[in-house]
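What you see is a predicted model, and the numbers here were worked out from it, not measured in a lab. Residue numbers start from 1 in every chain, and the chains themselves are labelled A, B, ... in the order their sequence lines are given, proteins ahead of strands.
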Amino acid sequence: MDAGLIPAKLFECQVAESRPVGAYRQLALVAPEIAYLAHPGQFLMARLAGPALDPLLPRPMCVHDIDSDLVKLLIDPVGKGTAALAEAEVGDRLSVLGPLGRGFDMEGEGPAVVVGGGIGVSPLLLLTRALLQRGREVRCVLGFRNRSQAVAAGLFPGAAIDLLTEDGSAGRTGLVSEPLPGCLVREEGNPAPEIFACGPDAMLKAVARIAADCGVRAQVSMDTHMACGIGSCQGCVIPGPEAYRKTCIEGPVFDTRDLKWQ
Amino acid sequence: MDAGLIPAKLFECQVAESRPVGAYRQLALVAPEIAYLAHPGQFLMARLAGPALDPLLPRPMCVHDIDSDLVKLLIDPVGKGTAALAEAEVGDRLSVLGPLGRGFDMEGEGPAVVVGGGIGVSPLLLLTRALLQRGREVRCVLGFRNRSQAVAAGLFPGAAIDLLTEDGSAGRTGLVSEPLPGCLVREEGNPAPEIFACGPDAMLKAVARIAADCGVRAQVSMDTHMACGIGSCQGCVIPGPEAYRKTCIEGPVFDTRDLKWQ
Amino acid sequence: MAVNLKTALGPLELDHPVINASGTFDVLEADTVLEEDLFARFPFAAYVPKTVTLAPRAGNAPPRLYETSAGLLNSIGLANRGIEAFIRDDLPRLALLPVPVIASVAGEATEDYGVCAAMLDGRDELAAIELNVSCPNVELHGRALGLDPAGTHRAVSLARESTSKFLIVKLTPNVTDIVEVAAAAVDAGADCVSLINTVHGMVLDPWSLKPVLGNVTGGLSGPAIKPVALRAVFLVSQAVTAPVIGMGGVTTAQDALEFLAAGASAVAMGTASFRDPLAVTGVVAGLAELMEERGIGSVAGLSGAAH
Amino acid sequence: MAVNLKTALGPLELDHPVINASGTFDVLEADTVLEEDLFARFPFAAYVPKTVTLAPRAGNAPPRLYETSAGLLNSIGLANRGIEAFIRDDLPRLALLPVPVIASVAGEATEDYGVCAAMLDGRDELAAIELNVSCPNVELHGRALGLDPAGTHRAVSLARESTSKFLIVKLTPNVTDIVEVAAAAVDAGADCVSLINTVHGMVLDPWSLKPVLGNVTGGLSGPAIKPVALRAVFLVSQAVTAPVIGMGGVTTAQDALEFLAAGASAVAMGTASFRDPLAVTGVVAGLAELMEERGIGSVAGLSGAAH
Ligand SMILES: Cc1cc2nc3c(=O)[nH]c(=O)nc-3n(C[C@H](O)[C@H](O)[C@H](O)COP(=O)(O)OP(=O)(O)OC[C@H]3O[C@@H](n4cnc5c(N)ncnc54)[C@H](O)[C@@H]3O)c2cc1C
Ligand SMILES: Cc1cc2nc3c(=O)[nH]c(=O)nc-3n(C[C@H](O)[C@H](O)[C@H](O)COP(=O)(O)OP(=O)(O)OC[C@H]3O[C@@H](n4cnc5c(N)ncnc54)[C@H](O)[C@@H]3O)c2cc1C
Ligand SMILES: Cc1cc2nc3c(=O)[nH]c(=O)nc-3n(C[C@H](O)[C@H](O)[C@H](O)COP(=O)(O)O)c2cc1C
Ligand SMILES: Cc1cc2nc3c(=O)[nH]c(=O)nc-3n(C[C@H](O)[C@H](O)[C@H](O)COP(=O)(O)O)c2cc1C
Ligand code: FES
Ligand code: FES
């Protein structure tokens, strides 16, 4: 992996845009250094700037997209931390530490199968752009709970998209694990396909199993609660084959073989 | 006293105006019921509407002025609760319980000497208007720490004003207790003057002493930390001659003879 | 799905599981001050007045309150007019409430618990008695009986001998092992335990740097202590057979849901009533919605779901 | 007026009174991740690494963290690679820090405190040893030694016999009487006490209503517990002659000022470093300003001002 070697910095940056993307909210931050440095799959620790103590801690947020000086976040307001971020208005200032963590390794050659579930699509937009730029074949399999979340699929440019919803209100009905094996068939003489995934734990577990069954490599971005984002607190661990692994500095993107899946 | 018999209600009301008055901030709230019911010296328990838990509790705020449907607050941002209120923007919603407490008894006949110290001038504006409306002679003695606070004296209409600052940056240099005795001289055949005061504890203590020395009645509005504002918590007590008295329901305006002054 | 909010604490049947915490809602004052007719429509499922003691107490010197991060520190010091005035002046009026009334008593001396319980035993206005064992005890130089299992056992035993009323013991969290104290209370005859009382704390004046409270230290309440309370309810409700009333930071319907899931049969709101004296109404309505969303039909089906 | 921020903990001279709380700042990781050169300019006045134990500990099952109202609940479970790896791999690197290093050790068995202290005694890299007495003790079925004065006394005595290093004992607030435990620590030979460790608490998942933490219960830190910590520092610093390191919710310069006024000679920041890993820099600068505003020229002149 080629990410995670860039030193992280604490920035205060201004919200330049805020717009709804279906059930989610997209914020654009004026953050040139991060825009310049961040690698697909890396994240930021973000909170509203200022002395307010509730929410107390920043929340991990993937770098969702980059547009010249702007760094975009895509936010699913599931609790008080994400709700506070989603309510930030244009002109408000965010305190942001980043870029953090190890992103996706894009050095492979095979066709990329990008698998996203719900808000897990957030880091996959920048990834998809970067993969396409490298001339890799990209196919996206994006699953959502419902139509309102599925609006986010519209953000993905230029790649083939399989869209699924659990309630059937947009695209096909079902889970991403259903069409996935069909996307992994290796074409004669070509390098094996490779999975890049982000989504709920249950989805990533299914992805890991399918990747193992089909003998392809899968990189997954893991979601855990984090306090520090820089390796200090040991709060973000997930089980590896031998020891716990810190999601913030050893991840958030892991090769599925480097984790333990019960 | 004729106030405190009106039932209090919980309102959500919108901020219609916010403007600086020197070091203070004046908010105008759209609150027709309170505008209609509130008596000079009564107060509200006010906080920003919504689920945020820090600040946790509302803060007691005098009814500073009334202008048709608008209820005005004058805020000195000394801590996190008052700072949060002072930062409310036009269109924001406040949660407000009121009107609360016993206000000033304005039934007397003599000339009114209205004594304010710092943010203590807040309730005295509505009071002064009401006293003038009743045809009473009003003289205001207003003391502030400095020029920036003293801007609030400019709010007082139509009454004679003695302005003092501690640092001499506006009006005369000194404390309100210095000119006060001179204002209490009873004119032959006229009813005795009467004091109405609000300000820091030390000032009110001096007022109580001067009133006793000069044999005039003084009503003072007391400042204590409050949790409930409705008599439930017993947190707001101050010493009376025999027992503690609840500032929120027995006050905040007390006759100085009904309190104990060490 | 219709959600049934009814719950019971032994023989006490409650229309819903949210009551008030002692010392945080004075219905006699609130009924005068607020527009609502609290005697016609009382929002809590039971009413617990402020703790009373045998002799009147003036309470602690002011200041008595200070807000902290998501919390409130108080040192009221059990200010009350004494149990006789309570029985004479307050009880007849409280009898008019449409919900069960639970008297809260504390003793400055250990035997006061027995004496007070005896004084209240015959009063039909009361559905239950709550013993507040966090009162500064004169024999213990101001230390509260509730700070150890033996002291709690003594106080509860004396009360138990003096009354056949439903007996609730309110536990303090300022102990090494609250489960041990709860067990002592139940062993001594408590029918129910309520927890938690406030957590010991202190604040300094930001400018003078002297203690703000007249009493120097005080008790912390509100959302800040919710995790402490939830743990105590979770552990105690699994250790004793008596029903549990959970409290400490209950502010939203979600909080009430969690305390019930942690093992409480009812919850009490304290500090949240200072934010909004009628917050309870929203909590009760919201609780029904949250239970419905989760397919939980009754409080009994919810209580202890976290275990 | 020039404010002098220097302070001392016995023989340890600190450039200013703000250090880090154990387990909340990993300088070896942070130096890799952050742009700052932490070995050239270290913002804390001393460095306390994460607690180590004799044998490596994997720590508790995740999830290990949850944010509460103005607080953080954690159950890391003293995850560490063991004292040997600490001595071999970490100490040589920590020796390069421009500030005193204070090792933090805990024992799963009582005698571990003696063994660990002996292992660290000869290490010149270390200016002091902090004993964390909140480790689950195997002999006590997981109960921490620090929960009673006798257990604390035993652990501290063993360490004291094994080292002549400056010995700090870190106290848990989850006891009925923290003053008693502090006195036992000092009686057993502690040179200094640090307090408070986290407060016992629990959270439920808002949707499933099951305990969030893999370990079910955890420890609460952050601004929510500041009043609890301030009271403990205020009481302990008046009861023992040893210097006190105060912590629990220190987030702003005003907080640091208040802990010093309450009687601490130095303060530690924990959770606040998660908000901003370099928050300490602003706290130190702000502290000097606040002292200047109040005409306080030195930390010695401030410490205990609230008494
Ligand atoms: C590296 C990394 C990158 C991330 N990137 C993003 C991103 O780009 N965008 C983004 O939105 N999030 C992202 N997350 C997730 C985000 O950080 C968490 O959602 C957030 O920390 C939760 O904090 P909170 O305060 O909003 O919720 P909390 O109040 O802490 O907790 C809410 C919790 O309640 C539960 N919950 C809430 N609502 C529901 C529900 N409807 N059903 C079931 N359970 C529920 C969940 O367990 C949730 O964690 C990322 C996480 C990591 C680790
Ligand atoms: C009936 C009544 C009416 C009131 N009306 C008004 C009103 O109209 N307008 C108004 O602004 N206030 C009014 N107050 C006062 C106001 O309620 C308090 O200032 C407020 O509750 C403080 O809350 P806070 O969160 O801002 O401060 P907190 O954070 O609770 O405490 C700050 C405390 O720090 C101290 N402090 C802060 N700054 C300084 C300083 N520079 N010097 C010395 N000490 C300091 C003070 O003791 C202050 O109480 C009224 C109070 C009462 C009882
Ligand atoms: C101002 C105040 C007064 C209180 N008075 C009493 C009391 O008289 N008796 C009692 O048992 N508990 C008393 N308590 C404790 C509460 O009943 C409750 O146990 C505690 O506040 C925790 O709940 P909360 O966080 O919802 O407030 C008081 C609490 C507060 C804040
Ligand atoms: C994530 C986390 C890990 C901690 N690990 C340790 C530890 O290893 N050893 C220790 O003595 N204290 C540990 N603590 C406690 C802190 O050092 C400190 O005593 C406590 O958090 C209170 O301070 P704060 O409110 O500033 O965080 C830890 C606290 C947190 C939040
Ligand atoms: S979030 Fe703190 S170590 Fe990973
Ligand atoms: S503020 Fe609660 S009784 Fe007065």
Side-chain angles (χ1 to χ4, degrees), chain A residues 4-12 33 37 45 47-60 78-82 84 95-102 201 222-240 242-250 262, chain D residues 20 23-37 49-50 56-81 206-207 212-214 218 221-224 226 249 251-252 254 270-279 281:
Chain A
L5 305 169
I6 315 149
K9 248 179 99 173
L10 196 74
F11 301 92
E12 266 210 13
E33 288 99 331
L37 294 173
M45 291 295 282
R47 61 178 175 90
L48 289 175
L53 298 177
D54 198 19
L56 180 65
L57 299 179
R59 294 296 187 273
V78 298
K80 73 177 169 185
T82 45
S95 165
V96 153
L97 178 69
L100 294 167
R102 306 200 147 253
D201 277 358
M222 302 299 294
D223 178 2
T224 64
H225 288 218
M226 291 186 177
C228 71
I230 60 167
S232 274
C233 73
Q234 306 209 41
C236 62
V237 299
I238 46 174
E242 277 136 44
Y244 285 125
R245 317 232 12 205
K246 290 184 188 173
T247 304
C248 65
I249 53 174
E250 301 182 58
Q262 289 86 351
Chain D
N20 72 297
T24 64
F25 195 85
D26 186 328
V27 69
L28 301 176
E29 300 290 13
D31 187 59
T32 322
V33 173
L34 298 179
E35 193 197 39
E36 277 70 22
D37 182 352
K50 171 99 189 149
R57 284 173 62 101
N60 290 326
R64 291 178 172 181
L65 294 173
Y66 203 81
E67 187 174 319
T68 67
S69 293
L72 172 67
L73 195 77
N74 89 81
S75 66
I76 309 300
L78 296 181
N80 78 94
R81 295 183 307 120
W207 181 256
V212 168
L213 300 182
S221 62
K226 182 186 146 191
T251 309
T252 63
Q254 177 71 35
T271 304
S273 295
F274 301 151
R275 245 171 100 79
D276 169 354
L278 299 171
T281 312

Q. Which region of D:Leu34, side chain (C-beta onward) or backbone (N, CA, C, O), has a non-hydrogen atom less than 4.5 Å from a non-hydrogen atom of chain A, or is it both or neither?
A. both
Q.
Looking at A:Lys9 and D:Glu36, would you say the former's side chain and the latter's main chain have a donor-acceptor pair under 3.5 Å?
A. no
Q | Region of D:Ala61 in contact with chain A, defined by heavy-atom distances below 4.5 Å | A | both
Q: Pick one of side chain, backbone, both or neither for A:Ala227, based on which atoms fall under 4.5 Å of a heavy atom in chain D.
A: both
Q: Please determine, among A:Arg59, A:Met226, A:Lys246, the option with the most heavy-atom pairs under 4.5 Å with chain D.
A: A:Arg59
Q.
Given heavy-atom pairs under 4.5 angstrom as the criterion, report whether the side chain, backbone, both or neither of A:Ile249 touches chain D.
A. side chain
(Q) Check whether D:Glu67 reaches the backbone of A:Leu57 with its side chain - one donor and one acceptor, N or O, closer than 3.5 Å. (A) yes
Q) Given the options D:Ala79, D:Ala272, D:Pro206, which has more heavy-atom pairs under 4.5 Å with chain A than any of the others? A) D:Ala79
Q.
Given heavy-atom pairs under 4.5 angstrom as the criterion, report whether the side chain, backbone, both or neither of A:Pro55 touches chain D.
A. both
Q | Heavy-atom closest pair, residues A:Ser232 and D:Phe274 | A | CB-CE2, 4.5 Å
Q) Is there a side-chain contact between D:Val33 and A:Leu100, using heavy atoms and a 4.5 Å cut-off? A) yes
Q: With a 4.5 angstrom heavy-atom cut-off, could you sort out which part of D:Thr271 is near chain A: side chain, backbone, both or neither?
A: both
Q.
Quick check for you: to the nearest 0.5 Å, what is the distance between D:Leu213 atom CG and D:Leu65 atom CG?
A. 8.0 Å
Q | Greatest number of heavy atom pairs closer than 4.5 Å to chain A - which of D:Lys50, D:Glu35, D:Arg275 | A | D:Arg275
(Q) Strictly distance-based, threshold 3.5 Å: is any side-chain N or O of D:Arg64 a donor or acceptor partner for the main-chain N or O of A:Gln234? (A) yes
Q) So, for A:Thr247 and A:Ile238, which heavy atoms are closest and what is the spacing to 0.1 Å? A) OG1-CG1, 3.7 Å
Q) At their closest point, which heavy atom of D:Thr251 faces which heavy atom of D:Pro223, and how far apart are they? A) OG1-CG, 3.7 Å
(Q) Can you tell me which portion of A:Leu10 sits under 4.5 Å from chain D's heavy atoms? Options are side chain, backbone, both or neither. (A) side chain
Q | Pairs of heavy atoms under 4.5 Å with chain A: top-ranked of D:Ala30, D:Ser69, D:Pro63 | A | D:Ser69
Q. Where does A:Leu97 contact chain D at under 4.5 Å (heavy atoms): side chain, backbone, both or neither?
A. side chain
Q: Answer yes or no: is there a donor N or O on one side and an acceptor on the other, between the side chain of D:Arg57 and the main chain of D:Asn60, under 3.5 Å?
A: no
Q) Among A:Ala8, A:Cys228, A:Cys236, which residue forms the greatest number of heavy-atom pairs with chain D at distances under 4.5 Å? A) A:Ala8
